[in-house]
Structures are given as structure tokens and as C-alpha cells.
Novice: 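Before I ask anything, here is the structure I am working with.
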Amino acid sequence: QVHLVESGGGSVQSGGSLRLSCTASGLTYGIYCMAWHRQSPGKEREGVATILRDGRTHYADSVKGRFTVSQDNAKNTMYLEMNSLEPDDTAMYFCASGRVAQHNTRGFTCSPSSWGQGTQVTVSS
């Protein structure tokens with residue numbers, strides 16, 4: 001099974017930046033996609049960004065143009081560069097990996113089979 005560990009969360013002021021990391025270990029050979037999700041109290045978990053094995057990416061409209069997802073396959077690590085952070089970005093951010101993705105005309109999302117423990121991001125106004 002795949003084990004995922006996130007890091008890089010913290011507290012920043014509105015307009016600031018953070019870089020999250022997610023490192024995968026275990027049976028990583030079968031990973032087709034990795035993704036970042038976030039959840040805040042009273043809200044459903046939201047898919048933020050997805051990256052496929054071949055490097056293609058997809059973003060939620062709420063973060064498009066501000067967040068960038070990337071990966072280093074040699075290190076089995078995915079990153080999320082978050083810029084121009086807003087209070088609405090405050091959430092627990094979770095890393096996920098999957099063996100398949102759902103594709104449609106607007107993009108794609110990862111179907112998670114493994115989840116990390118989450119890292120808290122807090123943005124103050």
C-alpha cells in the first residue's frame with residue numbers, strides 16, 4: 001500500500017505564500033495520479049489540484065492562477081505552491097494518490113486509493 005506524508009503547512013498573512021510537500025512511500029509503482037484536497041469546518045472536501053503521471057495538471061477554479069502543482073517522480077514527491085493566499089484558503093490540506101483518474105471535457109480528477117494525514121493551512125486577513 002501507499003503511505004503519504006504531507007508537510008509545509010502553517011500560518012501566513014493574506015497575500016502570502018506557502019509550499020506544501022507530499023512524499024509517497026511503499027508500493028508507489030502503480031500510482032497514476034496524485035492530488036491535493038482541502039477541507040474546512042462545515043464544508044465538504046474540495047479537490048484543489050491534480051497531477052497525472054505524465055505531468056498533466058488540473059485545478060479547481062477557486063485556485064486557478066494562484067496555485068501550482070508539480071512533482072519530482074525520482075523522489076516520489078508532489079508539491080503545491082500556493083501564492084496570493086486568501087482567508088478562504090484556510091483549510092486542512094490532504095494529499096491523495098490513485099491508480100486511475102476520472103476524465104471529462106473540463107479536465108480530470110484523481111480517484112484516491114490512499115490519503116495522507118493532512119497539514120493545516122491558516123491564512124489571516
Side-chain angles (χ1 to χ4, degrees):
Q1 300 299 314
V2 176
H3 183 225
L4 303 171
V5 178
E6 304 98 330
S7 63
S11 298
V12 297
Q13 293 179 291
S14 181
S17 299
L18 283 174
R19 190 191 196 200
L20 307 183
S21 299
C22 172
T23 298
S25 61
L27 301 179
T28 61
Y29 183 80
I31 295 177
Y32 174 70
C33 55
M34 298 184 72
W36 290 99
H37 295 244
R38 65 186 182 185
Q39 187 169 28
S40 57
K43 300 176 66 175
E44 295 184 352
R45 186 167 294 189
E46 173 190 23
V48 174
T50 302
I51 186 164
L52 306 183
R53 186 195 303 159
D54 62 10
R56 286 180 288 169
T57 58
H58 177 72
Y59 299 91
D61 288 341
S62 58
V63 306
K64 194 173 300 181
R66 300 188 297 119
F67 292 8
T68 302
V69 64
S70 61
Q71 64 189 354
D72 184 338
N73 288 330
K75 298 181 178 180
N76 292 318
T77 299
M78 174 181 63
Y79 306 94
L80 185 67
E81 185 75 30
M82 304 184 294
N83 299 311
S84 301
L85 283 163
E86 306 166 353
D88 284 348
D89 295 317
T90 296
M92 185 74 75
Y93 283 72
F94 297 91
C95 174
S97 69
R99 297 175 57 85
V100 296
Q102 298 291 324
H103 295 257
N104 56 49
T105 57
R106 291 182 54 83
F108 45 83
T109 56
C110 196
S111 298
S113 56
S114 298
W115 291 90
Q117 82 290 342
T119 185
Q120 178 68 37
V121 171
T122 301
V123 184
S124 59
S125 60

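Just so we're clear, the structure is a prediction, and the values are computed from it rather than from any experiment.
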Novice: Taking side chain as C-beta onward, heavy atoms only, is Arg45 less than 4.5 Å from Phe94?
Specialist: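 Of all side-chain heavy-atom pairs linking Phe94 with Arg45, at least one is under 4.5 Å.
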
Novice: Would you check if Val63 and Met82 make a side-chain contact, meaning some heavy-atom pair closer than 4.5 Å?
Specialist: no

Novice: Looking at every non-hydrogen atom in both residues, tell me the closest pair between Ala49 and Leu80 and how far apart they are.
Specialist: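 Closest approach of Ala49 to Leu80: CB-CD1, 4.2 Å.
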
Novice: Only pairs at least two apart or in different chains count here, so list each disulfide (SG to SG under 2.5 Å) that has a residue in residues 1-74.
Specialist: Cys22-Cys95, Cys33-Cys110

Novice: Answer yes or no: does atom CD of Glu46 have more than 12 heavy-atom neighbours from other residues, nucleotides or ligands under 6.0 Å?
Specialist: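 Yes, CD of Glu46 has more than 12 neighbouring heavy atoms, counting only those of other groups under 6.0 Å.
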
Novice: Of all the heavy-atom pairs spanning Gly107 and His58, show the shortest one and how long it is.
Specialist: CA-ND1, 3.8 Å

Novice: Indicate the atoms forming the closest heavy-atom contact of Leu52 with Ala101, along with that distance.
Specialist: CD2-CB, 4.1 Å

Novice: Please check this pair: side chain of Thr28 against backbone of Ser25, looking for a donor-acceptor N/O pair closer than 3.5 Å.
Specialist: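 No, the answer is negative, given that no donor and acceptor are paired below the 3.5 Å cut-off.
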
Novice: Using only atom types and a distance under 3.5 Å, with no angle test, would you say the side chain of Gln117 pairs donor to acceptor with the backbone of Val5?
Specialist: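 Flag not set: sc Gln117 to bb Val5 has no pair under 3.5 Å.
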
Novice: Can you name the nearest heavy-atom pair linking Ser7 to Thr119, along with the distance?
Specialist: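 Here Ser7 and Thr119 meet closest at C-OG1, 4.4 Å.
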
Novice: For Tyr32 and Arg99, which I'm curious about, is there any donor-acceptor pair between the side chains at under 3.5 Å?
Specialist: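 Arg99 and Tyr32 do not have a side-chain donor-acceptor pair below 3.5 Å.
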
Novice: Might you work through the side-chain contact (heavy atoms from CB on, under 4.5 Å) test for Met78 and Trp36, ending with a clear yes or no?
Specialist: CA-CA 9 Å; Met78 174 181 63; Trp36 290 99; 3.3 Å; yes

Novice: Is any side-chain heavy atom of Tyr79 closer than 4.5 Å to one of Asp72?
Specialist: yes

Novice: Are Lys43 and Asp88 close enough for a salt bridge, meaning some N to O gap below 4.0 Å?
Specialist: no

Novice: Kindly say whether Val123 contributes a backbone atom to a donor-acceptor pair with the side chain of Thr90 at under 3.5 angstrom?
Specialist: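 Side chain of Thr90 to backbone of Val123: a pair is present.
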
Novice: Flag the pair Ser21 / Lys75 as yes when at least one side-chain heavy-atom distance between them is below 4.5 Å, and no otherwise.
Specialist: no

Novice: Just so I know, are the side chains of Val121 and Leu20 near enough to count as touching, which here means a heavy-atom distance under 4.5 Å?
Specialist: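 Answer yes - side chains close enough.
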
Novice: Which heavy atom in Gly118 sits nearest to a heavy atom in Glu6, and how many Å separate them?
Specialist: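 What the structure gives for the nearest pair is N-OE1, 2.9 Å.
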
Novice: Do Phe108 and Val69 sit in the same hydrophobic cluster, where Ile, Leu, Val, Met, Phe, Trp and Tyr count as joined when their side-chain heavy atoms come under 4.5 Å apart?
Specialist: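 In one cluster with Phe108: Val69, no.
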
Novice: Using a 3.5 Å distance criterion without hydrogens, assess whether the side chain of Tyr59 forms a donor-acceptor pair with backbone atoms of Arg66.
Specialist: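 Not at all, since once roles are kept as given, no pair shorter than 3.5 Å links the two residues.
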
Novice: A side-chain contact here means heavy atoms from C-beta on lying under 4.5 Å apart; do Phe67 and Leu18 qualify?
Specialist: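 Sidechains of Leu18 and Phe67: no contact.
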
Novice: Kindly say whether Asn76 contributes a backbone atom to a donor-acceptor pair with the side chain of Asn73 at under 3.5 angstrom?
Specialist: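 A pair under 3.5 Å: no.
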
Novice: Can a donor-acceptor pair be found between the side chains of Thr77 and Thr23 at a distance below 3.5 Å?
Specialist: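 Short answer, yes.
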
Novice: With side chains defined as the heavy atoms from C-beta onward, is the minimum distance between His37 and Trp115 less than 4.5 Å?
Specialist: yes

Novice: What disulfide (SG to SG under 2.5 Å) pairs are there with at least one residue in residues 41-92, not counting sequence neighbours?
Specialist: none

Novice: Given side chains that start at C-beta, do those of Asp61 and Arg106 come closer than 4.5 Å, heavy atoms only?
Specialist: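 Touching, per the 4.5 Å side-chain cut-off.
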
Novice: Can you give me the closest heavy-atom contact between Ser14 and Ser125, atom names plus distance?
Specialist: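 Where Ser14 meets Ser125 most closely, the heavy atoms are CB-CA, 4.2 Å.
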
Novice: How long is the straight-line distance from CE of Met34 back to CD1 of Ile51, given to the nearest 0.5 Å?
Specialist: 9.0 Å

